[in-house]
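Note sheet for the following structure.
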Amino acid sequence: IRANIAALEEAGATVLYQAVDARDEAAVKAALKTISSQLGPVKGLIHGAVVLADKRLEDKTLEQFDAVWATKVTALRHILSALDLSQLKGAAFFSSSTARYGRLGQSDYAKANEALNKAAQLLSRRLPHARLAAIGWGPWDGGMVTDSLKPLFEAEGVGLIGLEAGGALLVS
């Protein structure tokens, strides 16, 4: 995070970093109020939060489902309700190909990502002045895809998205 902030500042950006549990509505509202008061209205949003609790459906607990769902969907609802959406010019929600194709043990993750897809679809109709998209990413070569997970994707014939290539796709 520090390296990314430094790179952004070197490129001329003003950065205000707020560490917040986006599942906490009051904390989200307070953080966005601080950001807006110091930097002006939020005009762009990238929502890429995730928690995984991979287990077969019959072995998954309600608490595990809630953690996955709340991190993606409840958090997005809190963020959107705290923003002045009339100022929003663009948003990208990091969804997953799992929403469409599924993966063993990820029924909750698939459902949460499909909720993001539908949220982007609905918001794009309600906010015609803004460019909104949910991007159904495959696995990125970094972050959650650790060296121990890479062979699993290789065995399934699923290629990894390079960090630079993924970043370039996001901004294109």
Side-chain angles (χ1 to χ4, degrees), residues 1-23 28 31 35 39 42-56 60 64-65 67-76 78-80 83 88-124 127 130-172:
I1 292 171
R2 287 185 186 108
N4 287 336
I5 290 172
L8 288 167
E9 289 175 336
E10 280 180 34
T14 302
V15 178
L16 174 59
Y17 180 76
Q18 299 277 305
V20 172
D21 180 349
R23 298 169 299 176
V28 169
I35 290 166
L39 300 176
V42 174
K43 295 181 180 179
L45 170 66
I46 298 174
H47 178 59
V50 64
V51 165
L52 294 176
D54 294 3
K55 288 189 177 179
R56 297 180 63 83
K60 196 172 296 269
Q64 290 166 328
F65 177 90
V68 172
W69 180 266
T71 300
K72 272 205 178 286
V73 182
T74 304
L76 179 63
H78 294 331
I79 293 165
L80 293 174
L83 292 177
L88 196 63
K89 302 236 182 266
F93 304 158
F94 278 32
S95 182
S96 172
S97 57
T98 299
R100 295 289 180 201
Y101 305 113
R103 281 190 61 83
L104 182 63
Q106 292 191 331
S107 57
D108 49 1
Y109 185 64
K111 183 176 179 123
N113 280 292
E114 184 58 15
L116 259 61
N117 296 344
K118 297 304 183 210
Q121 192 176 52
L122 177 65
L123 281 170
S124 68
L127 305 173
R131 183 173 182 207
L132 293 114
I135 304 168
W137 296 108
W140 284 54
D141 191 8
M144 293 187 329
V145 178
T146 61
D147 288 337
S148 63
L149 285 177
K150 287 180 185 181
L152 171 70
F153 288 112
E154 264 181 29
E156 293 178 356
V158 176
L160 300 180
I161 300 168
L163 296 178
E164 287 187 26
L169 284 169
L170 175 63
V171 297
S172 66

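The figures that follow rest on heavy atoms only: side chains count, while hydrogens, waters and symmetry mates do not.
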Could you measure the distance from the CH2 atom of W69 to the CZ atom of R23? Nearest 0.5 Å is fine.
15.0 Å

Residue pairs passing the salt bridge (charged side-chain N to carboxylate O under 4.0 Å, His left out) test where at least one lies in residues 138-148, sequence neighbours excluded
D141-K150, D147-K150

Give the ring-plane orientation class for W140 versus F94, where under 30° counts as parallel, over 60° as perpendicular and anything between as tilted.
parallel

Should L80 and L123 count as side-chain neighbours, where that means a heavy-atom distance under 4.5 Å?
yes

In a table with atom names and distances, give each donor-acceptor pair under 3.5 Å that connects a side chain of residues 130-138 to protein atoms at least two apart or in another chain.
none

Sorted by first residue and then second, give each salt bridge (charged side-chain N to carboxylate O under 4.0 Å, His left out) pair with at least one member in residues 102-117; sequence neighbours left out.
K60-D108, R100-E114, R103-E156, E114-K118

For a quick test of reading the model, state the closest non-hydrogen atom pair linking L163 to G142 and the distance between them.
CD2-CA, 4.3 Å

Could you pull out the closest heavy-atom pair between A115 and V73, with the gap in Å?
CB-CG2, 3.7 Å

What's the spacing between L76 CG and T71 OG1 if we round to 0.5 Å?
12.0 Å

So CD1 of I35 and CD of Q18: to nearest 0.5 Å the spacing works out to 5.0 Å

Identify the two heavy atoms, one from A99 and one from N113, that lie closest to each other, and give their separation to 0.1 Å.
CB-CB, 3.6 Å

Can you measure from CZ (F93) to NZ (K72) and round to the nearest 0.5 angstrom?
11.0 Å

Write down the atom of L149, the atom of V145, and the distance for their closest heavy-atom approach.
CD1-CA, 4.3 Å

With rounding to the nearest 0.5 angstrom, report the OG to CG distance, S95 to N117.
3.5 Å

If you take all heavy atoms of L16 and L39, which pair is closest and at what distance?
CB-CD1, 3.8 Å

